[in-house]
Amino acid sequence: MPGRNALTIIDTRTPNPKSFIQGATGDWEVIIGMEVHAQVTSESKLFSGSSTLFGNPPNANVSFVDAAMPGMLPVINEECVRQAVRTGLGLKAQINKRSIFDRKNYFYPDLPQGYQISQYKDPIVGEGKVLLDMGDETIEIGIERLHLEQDAGKSIHDQHPSMSFVDLNRSGVALMEIVSKPDLRSSDEAKAYLSKLRTILRYLGTCDGNMEQGSMRADINVSVRKPGGAFGTRCEIKNVNSMRFAGQAIEFEARRQIDILESGGTIDQETRLYDPKTGETRSMRSKEEAHDYRYFPDPDLLPLEFDDAFIAMLAEGLPELPDEKKARFVRDYGVTPYDAMVLTLEKESGDYFEAVAKGRDGKLAANWMINELFGRLNKEGKSLAESPVDAGQLGAIVDLIGSGAISGKIGKDLFEIVWTEGGDPARIVDERGMKQVTDTGAIEKIIDEIIAANPDQVEKVKAKPTMIGWFVGQAMKVSGGKANPQALNALMKQKLGIE
Amino acid sequence: MSVDAATVKRIGRLARIRIEENEVETYRGELNAILGFVAQLDEVNIEGVEPMTSVTPMALRRRDDKVTDGNYAEAVVANAPLTEDNFFMVPKVVE
């Protein structure tokens with residue numbers, strides 16, 4: 001981020017030995033700050049009327065503005081401004097009613113203007129925060145700023161031996177650069193931060209968070225220091241496009257820096273690239289010289305200004321955010337904070353859960369959703385939207401278990417039937433005779449038959465009462481799993497004369 | 001404020017303008033003359049004055065989020081020295 005050096009860094013965290021990295025000379029602490037580029041969800045580009053749709057043919061989403069033809073002028077997309085403000089509100093951040101667009105000058109074939117329109121000294125959003133659930137503690141990660149800028153085009157290098165191919169479809173698409181404070185202290189925290197930020201953006205509908213398509217990329221600043229000591233020199237790992245790679249890149253980079261420092265060397269402040277194939281980071285020397293961006297206010301654009309009413313209107317339209325939803329699930333449905341966190345990772349799963357849990361046992365609903373439904377979806381690589389079992393059906397299964405009509409074990413069989421065949425769970429239970437047998441007469445009959453057929457076992461159980469499990473198992477088998485377990489146990493004890 | 005020969009070369013490189021060794025001194029003189037002229041502004045007291053980003057007394061115009069442009073890749077690449085399948089082709093740049 002520009003101007004980062006001028007910033008006074010305030011250490012808000014207490015060193016935590018659990019995240020220390022062991023070196024030859026003792027423990028080290030890794031300091032991480034992130035710059036996340038999030039593609040703004042909009043129909044058209046930040047300063048032109050061409051489409052943002054992913055996957056179109058080369059240069060189809062390009063207007064003469066995006067191709068930087070002489071005389072073309074930028075006109076800002078109001079929705080992109082709204083999206084940036086919404087995101088700022090979601091990050092509990094300061095919204096700046098006046099912000100300025102600057103030109104960041106550099107030459108690269110995927111940047112036809114010769115400069116990127118960005119915001120330098122006066123961004124649209126100032127300081128905010130993101131909360132992370134790390135096991136049993138919640139940590140606060142500071143947001144330094146959020147600004148709007150243009151994306152660049154895309155170069156493809158593997159189509160020709162001596163030429164690169166340039167596609168400007170992304171050129172001019174609106175990005176939000178979200179800069180964190182250097183508050184992260186481990187690769188796990190960094191991954192949790194990316195994940196939480198993605199969740200917030202998806203709730204807000206301001207970025208689709210699709211990392212494979214490049215809608216979210218991270219530049220990661222990494223440095224190491226002795227725990228609680230002075231900050232070290234940082235390196236910036238550019239353009240990391242998955243959470244897993246982010247974790248691997250940080251682990252590698254921290255170790256590399258520790259090794260250099262412990263062998264008496266110094267860290268060069270530089271830009272590095274993470275190579276997923278080798279799991280290593282390497283220096284991008286060619287970028288070094290380009291770091292003189294000669295920012296100046298873009299004379300083609302006036303300052304961006306709006307009033308409190310504009311902000312208030314957007315605040316009013318914000319959806320319930322993950323932290324609030326999680327707290328409400330714990331409060332209203334009695335689920336554990338962990339389950340609430342899992343259920344609110346995606347807005348869709350929160351909605352599904354509420355449809356299942358409303359008017360039912362919230363904990364039971366959460367268990368069935370997380371263990372059975374999510375387990376099954378994961379196994380088949382399906383998303384919740386593709387689930388063959390809808391919230392109404394899962395709710396009906398939970399009802400049948402809650403009322404004692406079926407046992408939990410039969411519930412799993414029922415879930416399987418509904419998953420593969422569909423249908424109304426209550427009807428399936430009726431039609432296929434899956435109802436729990438609570439009629440003691442029927443259970444007694446089964447027990448009597450088993451006792452009569454196994455005189456040897458009856459002798460043994462008298463000496464060894466734990467053998468009762470075998471009898472219960474046999475009876476359950478005969479009942480097709482439908483005998484009410486409590487009733488069966490009680491009756492069996494009575495019949496065998498065991499206390 | 002004045003620039004030396006090394007700065008002249010650096011500015012040339014950043015702007016992708018070729019400056020021959022025998023031209024450096026000429027440009028250095030011209031740039032310093034310009035800087036000297038502009039330096040007259042230093043005489044004005046600007047304490048507490050906000051930097052001006054625009055002289056136009058109007059607000060930034062905004063447009064609706066609608067797709068109104070694009071879909072003419074042939075025209076976009078028409079002036080490029082080299083193209084294939086509507087891609088621009090440039091000398092290989094690989095990181």
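Throughout, protein chains are lettered first and strands after them, A, B, ... in sequence-line order, and every chain is numbered starting at 1. Computed from heavy atoms alone, side chains included, the values below leave out hydrogens, waters and symmetry copies.
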- Flag for His37(A)-Gln39(A): side-chain donor and acceptor within less than 3.5 Å: no
- Does a side chain donor of either Asp66(A) or Ser48(A) reach within less than 3.5 Å of an acceptor in the other side chain? yes
- For ring pair (Phe, Tyr, Trp, His ring centres under 6.0 Å), just list the numbers for Phe107(A) and Tyr115(A), CA-CA rounded to whole Å, side-chain angles, deciding distance to a tenth of an Å, and then say yes or no. CA-CA 7 Å; Phe107(A) 284 103; Tyr115(A) 57 85; over 10 Å; no
- Query: Considering only heavy atoms, which portion of Ala75(B) lies under 4.5 Å from any heavy atom of chain A: side chain, backbone, both, or neither?
  - Reply: both
- Out of Leu82(B), Asp64(B), Thr83(B), Thr68(B), which one racks up the most heavy-atom pairs below 4.5 Å with chain A? Thr68(B)
- Residue, of Lys92(B), Arg63(B), Arg61(B), that accumulates the most heavy atom pairs under 4.5 Å with chain A: Arg63(B)
- Check whether any side-chain heavy atom of Asn77(A) sits under 4.5 Å from a side-chain heavy atom of Lys45(A), and report yes or no. no
- Could you tell me the separation between the CG atom of Leu148(A) and the CE atom of Met176(A), rounded to the nearest 0.5 Å? 8.0 Å
Where does [X] contact chain B at under 4.5 Å (heavy atoms): side chain, backbone, both or neither?
X         : result
Ser162(A) : backbone
Phe296(A) : neither
Lys121(A) : neither
Ile76(A)  : both
Leu53(A)  : neither
Glu305(A) : backbone

- Is it possible for you to check whether Arg62(B) lies under 6.0 Å from the centre of the six-membered ring of Phe310(A), through NZ or CZ, and within 45° of that ring's axis? yes
